**Student:** 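Please find one structure pasted underneath; my questions will follow.
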Amino acid sequence: MALYEEQTIKIYNSLSNKKETFKPILKGAIGMYVCGPTVYSNVHLGNVRTFMSFDLIFRYFKHLGYKVRYVRNITDAGHLENDADEGEDRIAKKARLESLEPMEVVQEYTVDFHRVLEQFNLLPPSIEPTATGHIIEQIEIIKKILDQGLAYEVNGSVYFDVIAYNKTQHYGILSRRNIEDAIHNTRALDGQSEKRNPQDFALWKKAQPVHIMRWPSPWSEGFPGWHLECTAMSTKYLGEQFDIHGGGMDLKFPHHECEIAQAQAANHKNPVNYWMHGNMLLLNGKKMAKSTGNSILPEEIITGNNTILSKAFPATVARFFMLQAHYRSILDFSNDALLAAEKGYLRLMNSLPVLEEIKASSTSSFDIKPWIQSCYDAMNDDFNSPVLIAQLFEGVKYINQLKEGNAHLTKTDLSEFKRIMHAFIFDVLGLEHVNTQQDGGKLVKVVEMLIEMRNQAREDKNWALSDQIRDELKKVGIQLKDGKEGTTFSL
RNA sequence: GGCGUCGUGGCCGAGUGGCUAGGCUGGGCUCUGCAAAAGCUCCUACAGCGGUUCGAAUCCGCUCGACGCCUCCA
């Protein structure tokens, strides 16, 4: 029996604003789509948080034995610079400013994006499609929507007719908006707009003569609207209806709302069963955003080259910090919080080598099963990683009791305990050891030798020497731990 | 102005109508040659004001405050 048959997951669905029992369309298989980045600049830590949230979810599904097709796109065209679908394409603008081919911009930041996510130990998605690679699919969807009379062409551009759509469907179903209200509240004075209504959005934009990024279409040489690519690519790879669609909270409206409208108009089906939205990462109490400059780059955390933090932090510590908060909660980024997270992270990780040294006993002094299930329960409850981490610290407590001889486990229970600790820490949370041995274990041998020498000094009551060894090691970051069974150390 | 989220102990952060997550910090004790590590233990919070209830941090209303969306944004 697969693990997923034993566990029941509840997911908070943005469509209903409730936790719902998760049931995939196909037994044992999950289709998940997450909106990826627009590659016109470096990803900042807030971007990383969202992708990390879905990485956690992806990892947990995989751990449970689900076959997951995880699609995360790269937006490399069509994302306009500002409102009203009148602005310049973001990629094109950046290319113009830096005198580059648009695809040079795309390449540079796509590579950067991948590198950063790898540093934070995010698993690559199953498919990572690009907008420019799916122009034909997008054109086909526009044709379908036009056929339904839910879009109109003006001067070579095509716009989605929100008001027409709203006659039979609810535009605003996801963000709980009412189109009439929206119209009344619009203070738009867009004299030049080609759109019939300010709420309408572009499906296809005719390219201006200076515009480099352009593709032929039945309406004009131009480029697709931003919202369309996700509909095209999710439909293509996951079908007209699929299980999960995720993204940052700030994409809920209008982006995801538009996706629903487009898919409904083209396919007459509600495209997504579970909408999931990750919350924002705050810096100085404000949303981290590129446009306002209130952001920190992942690189700046790892190198320590920034004005916010007192020291450099490994990526995995930042990962641990972010996973200590629930994905739907706002999280404040600060030096103090990161410092505290690092200590906790170290305590958790340092317990693992101790666990390896525990000897099995003929009986178990406690039942390990309820604790194991509590780890699953945490993740089953809308992927509650902070509660999972709390449970793992319970595990640390057990490890210490086992070490002290105040508790014991049979060989079977002990190996199960180890398996679960490792599974959740590495496979599900995706944490990593900071100091990966690159020296073939030479360092360990040297430290063990120093411990030997120190033990001799202690026997001789040569406290000056023994303390010197201990203190000098401490200076280079190696901590000795004197226990009943002898001295151990952590790097 | 409209829609929505949130306001938890020194800090970070979970949370169910009643049995006080967890991490960090600080105090005490055990262990130790002294420490560290580890263990045990203490510091019992829920913005304010009303209401519902036998009972609310958890439900409802109001006030204050923060934030997000309404325009590109993970």
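Every chain is numbered from 1, with letters handed out A, B, ... down the list of sequences. When reading the values below, keep in mind they use all heavy atoms of this one structure, side chains included, and skip hydrogens, waters and symmetry mates. This structure is a prediction, so every number in the text was calculated from the model and none was measured.
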**Student:** Considering only atom P, compute the distance from B:rG15 to B:rU71 and round it to an integer number of Å.
**Tutor:** 31 Å

**Student:** Would you say A:N47 places a side-chain N or O within less than 4.0 Å of OP1 or OP2 belonging to B:rA74?
**Tutor:** yes

**Student:** Indicate, with a heavy-atom threshold strictly under 4.0 Å, whether A:G278 touches base, sugar-phosphate, or nothing.
**Tutor:** nothing

**Student:** Does this structure show an ion pair linking A:D55 with A:R59, if we count only N-O contacts that are shorter than 4.0 Å?
**Tutor:** yes

**Student:** Looking only at side-chain atoms of A:P254, point me to the closest of B:rC72, B:rA36, B:rA38.
**Tutor:** B:rC72

**Student:** Would one find a side-chain N or O of A:R470 under 4.0 angstrom from OP1 or OP2 of B:rC34?
**Tutor:** no

**Student:** Looking at B:rG61, which nucleotide sits across from it as a Watson-Crick or G-U wobble partner, both distances under 3.5 angstrom, or is there none?
**Tutor:** B:rC49

**Student:** Please state whether the rings of A:Y398 and A:F366 are parallel, tilted or perpendicular, taking 30° and 60° as the class boundaries.
**Tutor:** tilted

**Student:** Just to confirm, is there a sub-4.0 Å distance from OP1 or OP2 of B:rA36 to any side-chain nitrogen or oxygen of A:K474?
**Tutor:** no

**Student:** Taking only residues two or more places apart in sequence, or in another chain, which ones meet A:F313 in a ring pair (Phe, Tyr, Trp, His ring centres under 6.0 Å)?
**Tutor:** none

**Student:** Let's test your reading of the model: under 3.5 Å, does the base of B:rG33 pair with the side chain of A:D467 as donor and acceptor?
**Tutor:** yes

**Student:** Just checking A:H255: base, sugar-phosphate only, or nothing, at a heavy-atom cut-off of under 4.0 Å?
**Tutor:** nothing

**Student:** Between A:K252 and B:rA74, is there a side-chain N or O to OP1/OP2 distance below 4.0 Å?
**Tutor:** no

**Student:** Return no unless some side-chain N or O of A:N279 is found under 4.0 Å from OP1 or OP2 of B:rA74.
**Tutor:** no

**Student:** Do the charged groups of A:K311 and A:E342 touch, with an N to O distance under 4.0 Å?
**Tutor:** yes

**Student:** Considering only residues two or more places apart or on different chains, which pairs with a residue in residues 7-17 of chain A satisfy side chain to side chain donor-acceptor pair (under 3.5 Å)?
**Tutor:** A:Q7-A:Q373, A:Q7-A:N380, A:Y12-A:N17, A:N13-A:E20, A:S14-A:H277, A:S16-A:E20, A:N17-A:R176

**Student:** Can you tell me the base-pairing partner of B:rG9? Count Watson-Crick or G-U wobble geometry only, both distances below 3.5 Å, and say none if there is no partner.
**Tutor:** none

**Student:** Name the closest nucleotide to the A:M288 side chain, picking from B:rC24, B:rA74, B:rG68.
**Tutor:** B:rA74

**Student:** Have a look at A:K461 and say if it touches a base, only the backbone sugar-phosphate, or nothing, with a 4.0 Å heavy-atom cut-off.
**Tutor:** nothing

**Student:** Looking only at side-chain atoms of A:Q479, point me to the closest of B:rA37, B:rG23, B:rG13.
**Tutor:** B:rA37

**Student:** Quick check on B:rA14: is either OP1 or OP2 less than 4.0 Å from any side-chain nitrogen or oxygen of A:S329?
**Tutor:** yes

**Student:** Look at the side chain of A:K403 and decide which nucleotide, out of B:rA38, B:rG22, B:rC69, has an atom nearest to it.
**Tutor:** B:rA38

**Student:** From the set B:rC69, B:rG23, B:rG13, return the single nucleotide nearest to any side-chain atom of A:A340.
**Tutor:** B:rG23

**Student:** Can you tell me if A:D482 uses its side chain to pair, donor with acceptor, with the backbone of A:T487 under 3.5 Å?
**Tutor:** no

**Student:** Using Watson-Crick or G-U wobble geometry with both distances under 3.5 Å, which nucleotide pairs with B:rG4?
**Tutor:** B:rC67

**Student:** According to a strict under-4.0 Å criterion, is A:N384 in side-chain N/O contact with OP1 or OP2 of B:rA14?
**Tutor:** no

**Student:** Could you measure between the two P atoms, the one in B:rA45 and the one in B:rC40, and give it in whole Å?
**Tutor:** 24 Å

**Student:** How many Å lie between CZ on A:F54 and C1' on B:rA74, as a whole number?
**Tutor:** 9 Å

